[in-house]
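Shown below is the structure under consideration.
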Amino acid sequence: MTVKTNIKAISELLKLDFFIPSYQRGYRWDEHQVTELLDDIWDFYNIPNKQEGEFYCLQPVIVKYDGNQYRLIDGQQRLTTIFIILSYLDLYMQDYGYSKFQLEYETREDSKEFLEKLSTIDKEDTTNIDFYYMSKAYICVKNWFDKHKERKIKFFDTLVNVNKNENEEDRANNVRVIWYEIAEHEDEINVFTRINSGKIPLTNAELIKALFLNSKNFHDDEQQIRQIEIAKEWDEMEYSLQNDEFWMFIANDKDYPARIELLFDIYSGRMPDDKDQYSTYRFFVKQKDIVSTWSSEDENIKKIFLTLKFWYENRELYHLIGFLIATKIVTLRKLYSEFKNKTKKEFYSFLHTLIKSSINLDKLEELEYGAHNQAIHRVLLLFNIATILNNKDSYIRFSFDKFNSEKWSLEHIHAQQDKGLLSLESKKTWLIEIIKQIELLINNKVDTDADIEDILSRANDMFESQKIDDDDFQSIQNTIFTLFGEDSIDTIDNLALLTTGVNSALSNSIFPIKRNILKEKDSQGEFIPICTKNVFMKYYSQDSSNMYFWSEQDRKDYVEQMRLTIEKFLGNSHD
């Protein structure tokens, strides 16, 4: 979409004519929305010690100029409300020689005339739905000012700004709108449809870019070179941030239509829970020398980007910060703030302290599935990170892009009984795999305490039957789960990290079947964390000769290796 982006004072809009096409819905703001706008403007007026040039900015108005009028594609509700407020303040408008902007409707008969005579009404008009909402909004405005008569002139001055300076851009402390003008060749109905389906990114980044590249920011002799330089650097940063390996490492599950916007959020200090979509843009509008925020000041956009890139390229920082971001222990903004205010050694110490405080190795065996899932998730992720970092000669990097883009779950290494096998078909499918594993035990002469010949016979008889009794099936499940590992183990020594997709493929199978499925998934390129692969291959077991069972000793060896690996990692201070 080709656009011209600007900000316009309400006083600039007074000179314009707006045409509202037929595809627009009617005016529908209620008392709450009207009162909220009035309160917001008044709250802005009352801000103490406002900076020079500071103003209250409404959300975007999207228009297309047809040679005579501005066709209003988006922003009708806001502009109509401003018109209604100005109608109530009409006497002040006349005193200062102002007239209201014009609103013309393509299909809503008599709406223009009705709006022009709003100041004469004293009750809600029920002639049609549009008149009803317009009259209701006017009465709401009237009641608001009746309660606060002393506010009228101050409010009017803030809304329109009666400063006699002819240069609108120099007028301070007034109300403005974000002006978004599409090109003449754009299809306005298509634009309208995309806006209302959420497909047009009216982004802070686009609006801020217009501010940075405004020709008025540069002296004539340097304008073109500096503009080109900023535009080139902007594109290079955005291109780098579009690399998912880089982006998912710093952003976890958050995304932007233009990822460079993250840098502006960090610089402006925008909080994650800020509901004002354009607060970052409003911050940069207020900067007296916006170009200096790009690269000239001690703290600038380029420095933020280069810091994040340094973290990404440094193997140790990549893993430490990646773990903290992935587990949401600390925000990216907090990390950046600490980094710029600490020495390198102090920053590493800060990261290690955060990680140490996030887990408790003394109570590792007490962590149980269901009750402590978040803690288990953190420990298992740290186990993977520590395994990689403890090997100083390795060039392996944990794939935070894959990790943060997937949904993860805790998988039982040796599963619980599958109570979800209800149909005859699902039970027989399960029995086929079990029979194969029992035959392998017999053919390889694996020693067991159980009578596996008898178990195999029972499984075959059940598979061949036309109906499987639920109690009989549960009985053989109990026998088989006990054969391949202890049943109903929900502690961390029987858990590993897997994506929900791979987890569902494993179902509630016995240990050797799960191992075979994981080997196949790994060979197909699925992301299986290194420690999950290691535990199913029994690399942590003192006796790995028997790959069919997941025993109590295997579980003890697994959790002990987990503890030793993390302790070694936490004990390593940065040189």
task = Evaluate the ring planes of Phe527 and Trp408, with Trp represented by its six-membered ring, and classify them as parallel (under 30°), tilted (30 to 60°) or perpendicular (over 60°).
result = perpendicular
Given the side-chain rings of Phe400 and Tyr318, with only the six-membered ring counted for Trp, is the space between their centroids under 6.0 Å? yes
How far apart are the C-alpha atoms of Arg270 and Ser279, what are their side-chain angles, what is the distance that settles it, and do they pass the side-chain hydrogen bond (donor to acceptor under 3.5 Å, both in side chains) test?
CA-CA 7 Å; Arg270 183 188 185 195; Ser279 63; 3.2 Å; yes
Do Lys302 and Glu233 sit within salt-bridge range, that is, some charged N less than 4.0 Å from a carboxylate O?
-> yes
Practice problem: For this output row, return yes or no: ring centroids of His319 and Phe569 closer than 6.0 angstrom. | Solution: no
*Does a side-chain heavy-atom distance below 4.5 Å link Leu361 with Glu567?*
yes
Worked check of side-chain hydrogen bond (donor to acceptor under 3.5 Å, both in side chains) between Thr565 and Gln561: CA-CA 6 Å; Thr565 300; Gln561 186 61 51; 3.1 Å; yes
Can you check side-chain contact (heavy atoms from CB on, under 4.5 Å) on Phe339 and Phe350, steps first, answer last?
-> CA-CA 9 Å; Phe339 179 82; Phe350 169 74; over 6 Å; no
Quick one: does Asn494's side chain have a donor or acceptor within less than 3.5 Å of a partner on Asp490's backbone? no
Residues at least two apart in sequence or cross-chain that pass side-chain hydrogen bond (donor to acceptor under 3.5 Å, both in side chains) with Gln553, listed by chain then number, are Asp557
For Ser292, the side-chain hydrogen bond (donor to acceptor under 3.5 Å, both in side chains) test, sequence neighbours excluded, returns Glu297
Those residues at least two apart in sequence (or on a different chain) that pass side chain to side chain contact (heavy atoms under 4.5 Å, CB included) with Ser394 are Arg315, Asn391, Ile396
### Task
Just say parallel, tilted or perpendicular for the rings of Tyr56 and Phe44, cut-offs at 30° and 60°.
tilted
Sorted by chain and residue number, the side-chain hydrogen bond (donor to acceptor under 3.5 Å, both in side chains) partners of Glu299 (sequence neighbours excluded) come out as Tyr336
query = Hey, does the side chain of Ser268 reach the backbone of Phe264 with a donor-acceptor pair shorter than 3.5 angstrom?
reply = yes
Those residues at least two apart in sequence (or on a different chain) that pass salt bridge (Lys or Arg N to Asp or Glu O under 4.0 Å) with Asp472 are none
Could you list the donor-acceptor pairs under 3.5 angstrom formed by side chains in residues 305-312, with sequence neighbours left out?
{"unit_1": "Thr307", "atom_1": "OG1", "unit_2": "Lys303", "atom_2": "O", "d": "2.8"}
{"unit_1": "Tyr312", "atom_1": "OH", "unit_2": "Glu245", "atom_2": "OE1", "d": "3.3"}

task: Any chance you could lay out the side-chain contact (heavy atoms from CB on, under 4.5 Å) test for Leu380 and Met562, step after step, and finish with the verdict?
output: CA-CA 8 Å; Leu380 294 179; Met562 193 185 303; 3.8 Å; yes
ask   = If only atom types and distance count, is the side chain of Glu411 paired as donor or acceptor with the main-chain N or O of Leu495 below 3.5 Å?
value = no
So the salt bridge (charged side-chain N to carboxylate O under 4.0 Å, His left out) pairs with at least one residue in residues 525-538 (sequence neighbours excluded) are Asp522-Lys533, Lys538-Asp554
Hits for side-chain hydrogen bond (donor to acceptor under 3.5 Å, both in side chains) against Glu338, two or more places apart or cross-chain, chain-then-number order -> Lys334, Lys342
Those residues at least two apart in sequence (or on a different chain) that pass salt bridge (Lys or Arg N to Asp or Glu O under 4.0 Å) with Lys519 are none
### Task
Could you check Ile321 against Phe347 for side-chain contact (heavy atoms from CB on, under 4.5 Å), going step by step and ending with a plain yes or no?
CA-CA 11 Å; Ile321 292 171; Phe347 185 63; 4.2 Å; yes
Between Trp247 and Tyr256, what is the ring plane arrangement, given parallel below 30°, perpendicular above 60°, and tilted in between? perpendicular
- Between Phe398 and Phe323, ring centroids under 6.0 Å: no
For residues 351-374, the salt bridge (charged side-chain N to carboxylate O under 4.0 Å, His left out) pairs (sequence neighbours left out) are Glu365-Arg563
Residue pairs passing the salt bridge (charged side-chain N to carboxylate O under 4.0 Å, His left out) test with at least one member in residues 493-503, sequence neighbours excluded, are Asp493-Arg555
Please evaluate residues Leu367 and Asn373 with respect to the criterion side-chain contact (heavy atoms from CB on, under 4.5 Å), reporting the C-alpha separation (whole Å), side-chain torsions for both, the decisive distance (0.1 Å), and the verdict.
CA-CA 8 Å; Leu367 297 177; Asn373 283 6; over 6 Å; no
Worksheet item: Side chains of Leu518 and Leu498: does their closest heavy-atom pair fall under 4.5 Å?
Response: yes
For Lys232, the salt bridge (Lys or Arg N to Asp or Glu O under 4.0 Å) test, sequence neighbours excluded, returns Glu236
Using only atom types and a distance under 3.5 Å, with no angle test, would you say the side chain of Ser457 pairs donor to acceptor with the backbone of Glu453? no
Distance col, row Lys556:NZ vs Ser551:OG, nearest 0.5 angstrom, shows 9.5 Å
For Asp265 and Arg333 the tightest heavy-atom approach is O-NH2, 3.1 Å
Exercise for review: Tell me, with the steps shown, if Asn300 and Ser295 meet side-chain hydrogen bond (donor to acceptor under 3.5 Å, both in side chains).
Suggested key: CA-CA 5 Å; Asn300 58 64; Ser295 61; over 6 Å; no
Output for pair (Arg515 CZ, Ile413 CD1), nearest 0.5 Å, gives 12.5 Å
